[in-house]
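Presented below is the structure to which this report refers.
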Amino acid sequence: MDSHPEFAFLPRKFKIAVSALEEIDRAATAFHDIGVYIVRNAAGEMGYKIMVGGGLGRTPIIGAVIKEWLPREDLIAYLE
């Protein structure tokens, strides 16, 4: 199987976490390379809040929000 060129230069460990609760986040979602929170928008539609850039190394880093609300059908394409 050939490697996909977009993934050739990722770090050895690339972590993604998903959580439905920001208040009680047992997965430490904000500290992963990609954090996905399941949320609802003002209209009550279910979607996702996306964070990136977190880290749990010697100096932990909280990721940054890059998308406050992403529709469900766009999740896989957006993460790619």
Side-chain angles (χ1 to χ4, degrees):
M1 174 166 37
D2 292 329
S3 296
H4 196 289
E6 290 183 20
F7 306 125
F9 298 104
L10 286 176
R12 183 174 60 87
K13 296 179 186 175
F14 191 82
K15 300 172 294 300
I16 299 174
V18 179
S19 180
L21 298 171
E22 289 186 71
E23 304 83 30
I24 306 171
D25 185 0
R26 290 186 170 96
T29 306
F31 290 94
H32 285 72
D33 296 303
I34 297 177
V36 179
Y37 289 99
I38 301 168
V39 296
R40 292 194 184 269
N41 65 8
E45 301 168 310
M46 189 168 54
Y48 305 97
K49 174 180 173 181
I50 310 295
M51 296 184 76
V52 297
L56 287 172
R58 195 171 99 180
T59 309
I61 301 168
I62 295 176
V65 176
I66 60 168
K67 191 77 168 173
E68 284 290 338
W69 192 82
L70 179 72
R72 182 177 177 214
E73 60 272 9
D74 296 337
L75 179 64
I76 299 299
Y78 194 81
L79 294 180
E80 285 180 349

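- Heavy atoms only, all atoms of each residue included: H32 and K15 are closest at CD2-CB, 3.4 Å.
- Remark: I50 CD1 to I16 CD1 distance equals 9.5 Å, nearest 0.5 Å.
- Of all the heavy atoms in V36 and L75, the pair that sits closest is CG1-CD1, 4.3 Å.
- Clustering of Ile, Leu, Val, Met, Phe, Trp and Tyr by side-chain heavy atoms under 4.5 Å joins V39 with F31, Y37, M51, L56, I62, V65, W69.
- Counting side-chain heavy-atom gaps under 4.5 Å among Ile, Leu, Val, Met, Phe, Trp and Tyr, I61 is found in no cluster with other residues.
- The side chain to side chain contact (heavy atoms under 4.5 Å, CB included) search around A43 returns N41, E45, not counting sequence neighbours.
- Here I38 pairs with V18, A20, M46, Y48 under the side chain to side chain contact (heavy atoms under 4.5 Å, CB included) rule; sequence neighbours left out.
- Residues D33 and G54 come closest through the heavy atom pair OD1-O, 3.8 Å.
- Hydrophobic clustering (ILVMFWY, side-chain heavy atoms < 4.5 Å, transitive): L79 and F14 are in one cluster.
- Residue pairs satisfying the salt bridge (Lys or Arg N to Asp or Glu O under 4.0 Å) criterion with at least one member in residues 52-64, sequence neighbours excluded, are absent.
- Residue pairs meeting the side-chain hydrogen bond (donor to acceptor under 3.5 Å, both in side chains) criterion with at least one member in residues 71-80, sequence neighbours excluded, do not occur.
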